[in-house]
Amino acid sequence: ELLLTAAAALLPAAVLWAKAWQIDEPFFLALARQLLRDPFHPLDFAFNWYGRAQPMAVINNTPPLFPLALAFALKLSGGGEWLTRALLLPFDLAAAWGLLVLARRFLERPLWPVLAVILGPAWLINLSHAMPERAMAGLAFPALALLAAGVEERRPAAYWGSALMAALALL
């Protein structure tokens, strides 16, 4: 089950590896590149997102951690699209793992529902892009799995681990 789930999680990402940046990715890449240029002034630049250049501080409405993770991936990859996308794969695998663990807790046969989610339109269209939703899923699904374990099995470490991961997912 774990191997099939991991393979399914990697499939949507592999489809994008040969593609140019798309959808909202240029927006987040601009934030990440600015962090690499000037980490102490992450929103101090103009960006044309709504048809004219505006201060990024005015148009940015996203939490701060994903652009930081993306900046790290850009730095490691030298800016290459394929390698940058590959460096974000741990989020995909963590999301799939969390979903499988959660499904195992509540379903007798969890594999098919998990695969339906991972290979469904929401995941295929959105969660494999270099956008915050990817990191959020990679933190939120494991957080929910840990929360269930913490509450049902009375494991305080799992409960507090879930709280930390959920807080990071929001950021």
Side-chain angles (χ1 to χ4, degrees), residues 1-14 16 23-25 27-32 34-36 39-40 42-43 56-57 59-77 84-171:
E1 287 182 345
L2 186 58
L3 289 176
L4 281 174
T5 301
L10 296 176
L11 183 64
L16 293 177
I23 308 176
D24 290 348
E25 290 176 319
F27 183 88
F28 299 107
L29 287 162
L31 288 165
Q34 174 64 16
L35 279 165
L36 292 174
F40 294 108
L43 299 177
M56 181 55 89
I59 60 175
N60 180 45
N61 61 0
T62 61
L65 287 186
F66 182 75
L68 191 60
L70 186 55
F72 184 69
L74 283 172
K75 181 75 171 171
L76 289 176
S77 71
T84 301
R85 290 186 189 282
L87 289 169
L88 297 174
L89 286 176
F91 289 121
D92 302 40
L93 295 172
W97 171 81
L99 193 59
L100 179 62
V101 169
L102 197 58
R104 280 180 176 168
R105 182 168 293 281
F106 297 107
L107 302 172
E108 286 183 29
R109 294 192 301 261
L111 182 61
W112 291 111
V114 167
L115 293 178
V117 170
I118 292 172
L119 297 172
W123 198 297
L124 286 170
I125 293 169
N126 203 27
L127 288 183
S128 294
H129 288 88
M131 298 189 299
E133 293 88 340
R134 185 181 205 167
M136 183 206 61
L139 292 163
F141 287 140
L144 289 172
L146 284 172
L147 177 64
V151 170
E152 291 180 2
E153 299 168 19
R154 299 189 191 278
R155 293 175 36 205
Y159 177 78
W160 290 107
S162 75
L164 176 63
M165 291 183 79
L168 288 172
L170 291 173
L171 290 175

- Query: Take atom OH in Tyr159; do more than 12 heavy atoms of anything else shown fall under 6.0 Å from it?
  - Reply: no
- To the nearest 0.5 Å, atom CE of Met136 lies from atom CG of Leu127 at 7.0 Å
- Item | Ion pair Glu153/Arg105, N-O distance below 4.0 Å | yes
- From the list Thr84, Leu36, Leu35, side-chain contact (heavy atoms from CB on, under 4.5 Å) partner of Lys75 resolves to Leu36
- Task: If the plane angle is over 60° it's perpendicular, under 30° parallel, otherwise tilted; pick one for Phe91 and Phe66.
- Result: tilted
- Message: Testing the basics here: between Ala13 and Asp92, what is the closest heavy-atom pair and its distance to 0.1 Å?
- Response: CB-OD2, 3.7 Å
- How long is the span from the CD1 atom in Ile118 to the CZ atom in Phe141, to the nearest 0.5 Å? 9.0 Å
- Task: Test side chain to side chain contact (heavy atoms under 4.5 Å, CB included) on Leu124 and Leu11 and set out the steps.
- Result: CA-CA 9 Å; Leu124 286 170; Leu11 183 64; over 6 Å; no
- Query: Shortest non-hydrogen contact from Pro142 to Trp97?
  - Reply: CB-CZ3, 3.7 Å
- Item | Validation row: Ile59, Phe27 side chains within 4.5 angstrom (heavy atoms) | yes
- Task: Report the distance from atom CD of Glu152 to atom CZ of Phe106, rounding to the nearest 0.5 Å.
- Result: 5.0 Å
- Message: Side chains of Leu93 and Leu10, heavy atoms from C-beta outward: is any pair under 4.5 Å?
- Response: yes
- Query: Roughly how far apart are Leu111 CG and Arg104 CZ, rounded to 0.5 Å?
  - Reply: 9.0 Å
- Considering all heavy atoms of both residues, which atom of Trp123 and which atom of Leu99 are nearest to each other, and what is their separation? CZ3-CD2, 4.2 Å
- Task: Run through Leu144, Leu146, Leu147 and flag the one making a side-chain contact (heavy atoms from CB on, under 4.5 Å) with Leu102.
- Result: Leu144
- Separation between CD (Glu1) and CH2 (Trp112), nearest 0.5 Å, reads 11.0 Å
- Item | Interatomic spacing from OG1 in Thr5 to CG in Leu100 - rounded to 0.5 Å | 4.5 Å
- Message: Could you report the tightest heavy-atom contact between Ser162 and Ala143, atom names first, then the distance?
- Response: CB-O, 3.1 Å
- Note on the structure: Heavy-atom closest pair (Ala86 atom, Pro90 atom, distance to 0.1 Å) is O-CD, 4.1 Å
- For the student: nearest non-hydrogen atoms of Ser128 and Arg134, plus distance: O-NH1, 3.1 Å
- Item | Any residue meeting side-chain contact (heavy atoms from CB on, under 4.5 Å) with Leu43, in chain and number order, not counting sequence neighbours | Leu31, Met56, Ala57, Asn60
